[in-house]
Each structure stands twice: as C-alpha cells, then as structure tokens.
There are 2 protein chains.
Amino acid sequence: MTTQQISYFLALADELHYWQTSYKLNITQSALSRQIKALEEELNIELFTRSSRKVELTSAGSFLQKQWKPLLEKIYSTVDYAKKINKGEGGTIVINHPGSIAYDVIPDLLTRVSHSYPNVKVELVQVKGAEELELIKNFRGDVIYSRHLYETDFLESKQVNTDNLSLVLPEKHVIRKEADIVRKVLQQQRFILPNLQPNDSYSETILRFFKSYKTTPEVCFVSDFGSTILSLVQGGLGISIMPHSFSHTHHPGVRFLPIPFSISLYAYWRKEEENALVRNIVQFI
Amino acid sequence: MTTQQISYFLALADELHYWQTSYKLNITQSALSRQIKALEEELNIELFTRSSRKVELTSAGSFLQKQWKPLLEKIYSTVDYAKKINKGEGGTIVINHPGSIAYDVIPDLLTRVSHSYPNVKVELVQVKGAEELELIKNFRGDVIYSRHLYETDFLESKQVNTDNLSLVLPEKHVIRKEADIVRKVLQQQRFILPNLQPNDSYSETILRFFKSYKTTPEVCFVSDFGSTILSLVQGGLGISIMPHSFSHTHHPGVRFLPIPFSISLYAYWRKEEENALVRNIVQFI
DNA sequence: TTTGATTGATGTGTTTTGTGCATTAATCAA
DNA sequence: TTGATTAATGCACAAAACACATCAATCAAA
C-alpha cells in the first residue's frame, strides 16, 4: 500500500471515471486501473463496482474514502512539518491572528522575533472559527491568536491582553460622548460589522452590546477587514464597533468612543512542541 | 512512500539498530538500509544520524515517529473495518461493556441479536477509561456500554438504565438493614472493591457513598471481576459494593442491601455508522 | 599498537513491480 | 445494426526492491 495508491484511490472515488481521473493524475488509464486493482487485491476489499460503463463506490470504498482523506492529509502535513524541523532555525513559522491585532500585538511580536532570529521567515494567516484549531492540529500553523477561549488538552495558552471595544464614528457624528449612546439613537444607525458568527466570542460580545440596549443592529455592510471598515466609516456609510486598539492606526476622519465591553485575546501553541524555533518564539508572547 | 516504508521506519526508530531491526522484519539488513535511505531521499528529510556504529533519530525523525505511529495504526484499523463492511451481514461486531452488566443487559441484547442475525459473531471485550473511547474511535469496537457520561460530537448515545448500588454482605453479617449502616460500623469493615480510578463515574459514586458517612474505606482486596468479589465476600474476607443487578446471579451465602446511590448505564455508538450490521444491532439497544 | 568483531553502506545480478502503448470486450445510444 | 465510449488486459520495457557478498569505519580486547 503506497500513499500514491491511496491518493489514486481518493481521486477515482471523487471522479468515478477511470479515463478522466487518469488524465488528471497524469498517468494512463491502464496504470490507474492496475493500481486500483493492486490495492483491492492487497487489502482484499472490493473498493468499486465497475461495469464497462459505470464505476461506483462500494460501501467499504465509501467508508475508506471518508476515513482516508483526512488521514492522508495528516500524513502529508506531518511530513511538511518534519521538513521544517529538519531545516532548523532558518525555518518559517506560521502565525494565525484576527485582523484586529495587526496593528499592535503582531508588530510587537515580529519586532522581537526578527531581532533575535533575523533569518526566520514569519507567515501570517487569518482564518477563524473551527479552522484555526485544524490549522494548529495539522501543523499548518504554529501559533494562534484568537479571541476565543479554547479548552483543549493538546494546546498551551496564555491570555495576551484584554481590549476595550469602541464605537467607531465619523468625525462629525451626532454621538459625541458615552451618554449619547441611547436606544433611540442606536436604532437610527446603520452598522458596518464583521461577519457575526455563532460560537464566536467576538461576535457574541458585539451582540451583547446591542442586547444591553434592547435592540439589534441594522447591518448595511459586512467586512472582516479593519481598514475597509475604517474607510467606510470615514466615508459616512455607517458606524462600527471595533477593538479600541485600532485607534492606534490614526485613521483620519474617524473617532473611537470606548464602550464598556471588552474582549480578551489568547495565544495558543502546541503542548510539547518539537520545533525548537517555535518553542523559542513562544517565549516572546 | 509506502506503508511498508513507514513501518520499517517506525521499527528502526524503536530499535535504533539496523541488523536487529531487519531480523525482526524478516528482511536483510541491506534491504532495510536502502528503504530507509529511499524514504529519506523521497521526503528530503534526514531521519537518522548514523555512523558505522550508532544510529540515532534526528529531531525531525523523532517528530515523525510520534506522529506516524498512531496514524499508521489508524490506517490499518480503517482497513480492517472496511473489510468488515465489505463482508456484510455475516460479520463480527465488537461490544465493550463493564463486567457488572454481564448478567442482564448483555444476555438480553445477545438473545435478540442472535435471533435476528443468527450468523453474526459478537465479540465481547472489557476495557475501561480512556481506552473505551480509543476503541470506538479506531473502529476496533462498535458499541460501548459505559457507566461514564461522555459528551462527544462523533458518538450517539442512549441511557440504558439506572441501577442501584448495594452493599454486598455475607449471609450472617452484622449489618441487617439500612439503618445498621452507620459511620462506626463502616469504619470497622474491610472492603473488597474494584480498582477505584479518578474521573470514573462508578468509582466516584462509590467514594460519594463513603464521603456521605465521612469516612474512607479500608480496602483489603481489589478486583474488577464481579464473581471474584462475590466469592471473597462469601468467604467472609470483607464486604463490597456492587450494582444491585448482580444479585440476579443468586450467589449463595451473599446478601445484597440496597443503598441510596445509583449509577446510570449508557450505550454509545458512532454517528453516521457505515456498517449496516452495526446500525441494525443498535436498534436493539 | 594490533587484531578481530560488529555495524551500516554499497556493488552486483536477479526478480518483482509499475508504466505506456495497443488492443479487446462490454455496454450504451443513435 | 453500428459507432462511440469505457474499463480490462497482453506485451515490452524501465524502474525498483531484494538477497548475497563485500567494504569501510569503529570499537573493544589482547
């Protein structure tokens, strides 16, 4: 059983067509046909039922398709990570973070990293929700900053900071101070907010704010990119809610008015990390 | 990359000795040496540092050893399970259960199973704690009876029953009725109990019983086998606490005195089970 | 220092396996 | 009935894997 055979199998299980699959895999139909047959014979399992016109997965084949797809991905990702370990300190580390900390926490960290490890390449990615956990589980990411509090047994974590939320307003907006924030005024506003998702602490905190005024926001634009939101607010297209730390960007024509809601930021990394570089960089968090 | 190469690698990573490893794998030292080298070249990772006298894992090699061991095991276990699915209804299903239900729940289930599926082979196993979950995750077990309440997203569950605990006493023991159970008497007793483990509901319930009398048991014998415990109690070597359903065994010379503590029994099986036989048998639970 | 034993690497020839090309047999649609 | 499509297969060749034998490096004992 080879990883090649497994990926051939997965490809055919997707396409259910020998010629088409073999074309995509850059091999001949004959080679594919034989490899599948070899796999079936080695495992002593019928994977496909095939007539000269139709290819279908057997139930055992369908089971293996579902099981092997993530397994093969995991094998490859461990290999990639082992390569990184093998190369040593000149390697790359992958940091996932919410856009909102791109202006303070991340530059801070990167400054320290590049000072101590000038040759290290840092890759920044922004995924969210369940995908962040997949990222660090599959060794595709090394450090994760998240607003969400995870309780797992394979990660170590540290609370990095707690940040106030602020209303983000155009310079000349009618809301001037906290006392101006009342139900009636909020209901007249149009909001530019990030994608609000269930089970996401950040989203939930924002919703708690509106709930405290017994209202729901009228959302006119949705964006997950801080700078986009700031520009839209500046253009008078609506108001927003963002972590107060965004005010450090000094975006012109925009005011930040703190509200009594705050969100925490956590950093996560793998327990018993094998990559010495990652272990060292975690020290800087 | 072949599964064979991976298992060669894992074997060598354990032994750190080419000749010894090749002997265990029933191949020549030359074949092993070349396969490892081929793997290293394909992945472009140094797995071992070797002189003509010493073999050692590199840090990348050590990482892959830890990662690949469970992955390879999972690949094999999925294959085994696919074979079962492939064979269909004449297959085997594996049921894990605590010994305490061997006298009522299990025979009940087996009667119904063998009536409807006379050709099905049922394998009964008894593991406990975290191993139960591994069993069903790796497709090495199909149905699990457990006293423990698991909250997972890949299992379905059903509460099967709730069973009273009983003090198990020799026929002529001084404790005759519930009112006789007092702190002073309990402290004089020697107990025969199963292995009490943290995070195990059954153990915790037993400990709650003693706590309610502000005492801790003096344990003289430890056994996880119900019939052993019963015989020891009968022999006057101590008293015990067991699920009341054990009284159905009608072990002579032993009395069961119910106490107001109960434990629930849950059955678990995989969500979206692929094996039709298992799906059918779950109906009987 | 010398010698012998041990260990991993490697050269060689043979066997096994994988692949492409061409062809065949089965099926479907016109 | 005919032509097109599709998976299987015979064949030849190339690549890979293997056992055997040998080599070079290392270590321990004499």
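Worth knowing before you read on, the calculation uses all heavy atoms, side chains too, and leaves out hydrogens, waters and symmetry mates. Computed from a prediction, not measured in an experiment: that's the story for all the values here. Numbers restart at 1 for each chain; the letters A, B, ... are given by sequence-line order, proteins then strands.
Contact annotation: B:Lys54 does not reach the phosphate of D:dA25 (side-chain N/O to OP1 or OP2, under 4.0 Å). Proximity of A:Lys37 to the phosphate of D:dA7: no side-chain N or O atom is located under 4.0 Å from OP1 or OP2. Checking the phosphate oxygens (OP1, OP2) of D:dA8, a side-chain nitrogen or oxygen of A:Ser33 falls inside 4.0 Å.
The 5' end of DNA chain C is approached more closely, in terms of each residue's nearest nucleotide, by A:Gln5 than by the other of A:Ser51 and A:Gln5.
A:Gln29 has its CD atom 15 Å from the P atom of C:dT24, to the nearest Å. Remark: C1' of D:dA8 and CG of A:Leu47 are 16 Å apart, rounded to the nearest angstrom. Summarising the geometry, the separation between NE2 on A:His17 and P on D:dT5 is reported as 10 Å, rounded to the nearest angstrom. The interatomic distance linking B:Tyr18 (OH) with D:dA25 (P) rounds to 18 Å, in whole Å. Put simply, CG on B:Asn26 is 16 Å from C1' on D:dA17, counting in whole angstrom units. A straight line from CH2 of A:Trp19 to C1' of C:dG20 spans 15 Å, rounded to a whole angstrom. Counting to the nearest Å, the C1' atom of C:dT7 and the CG atom of B:Leu12 are 13 Å from each other. Distance, A:Tyr23 OH to D:dT6 P: 14 Å, rounded to whole Å.
For B:Gln35, the side-chain atoms get nearest to D:dA17 when compared with the rest of C:dC21, D:dA17, C:dG18. You'll find that the side chain of A:Arg50 is closest to D:dA7, out of C:dT19, C:dA9, D:dA7. With C:dT19, D:dC20, C:dG8 as the choices, the nucleotide that has an atom nearest any side-chain atom of B:Arg34 turns out to be D:dC20. Relative to the side chain of B:Ser30, the nucleotides D:dA19, D:dT6, C:dC21 differ in distance, and D:dA19 lies closest. Nearest nucleotide to the side chain of B:Ala31, out of C:dT19, C:dG8, D:dC18: D:dC18. When distances run from any side-chain atom of B:Ile27 to the nucleotides C:dC21, D:dA7, D:dA19, the shortest one goes to D:dA19. Residue A:Val55 has its side chain nearest to D:dA7 when only D:dC18, C:dA9, D:dA7 are considered.
In this structure, B:Lys54 places its NZ atom where only 12 or fewer heavy-atom neighbours from other residues, nucleotides or ligands lie under 6.0 Å away.
In this model, no donor atom of one side chain and acceptor atom of the other lie less than 3.5 Å apart for A:Asn96 and A:Glu131. Under the 3.5 Å distance criterion, with hydrogens and angles disregarded, no donor-acceptor pair is assigned to the side chains of B:Asn138 and B:Tyr81. Checking A:Arg50 against A:Tyr18 by side-chain atom types alone, a donor-acceptor pair falls below 3.5 Å.
Taking the six-membered ring for Trp and thresholds of 30 and 60 degrees, B:Tyr23 and B:Trp19 have nearly parallel ring planes, at less than 30 degrees apart.
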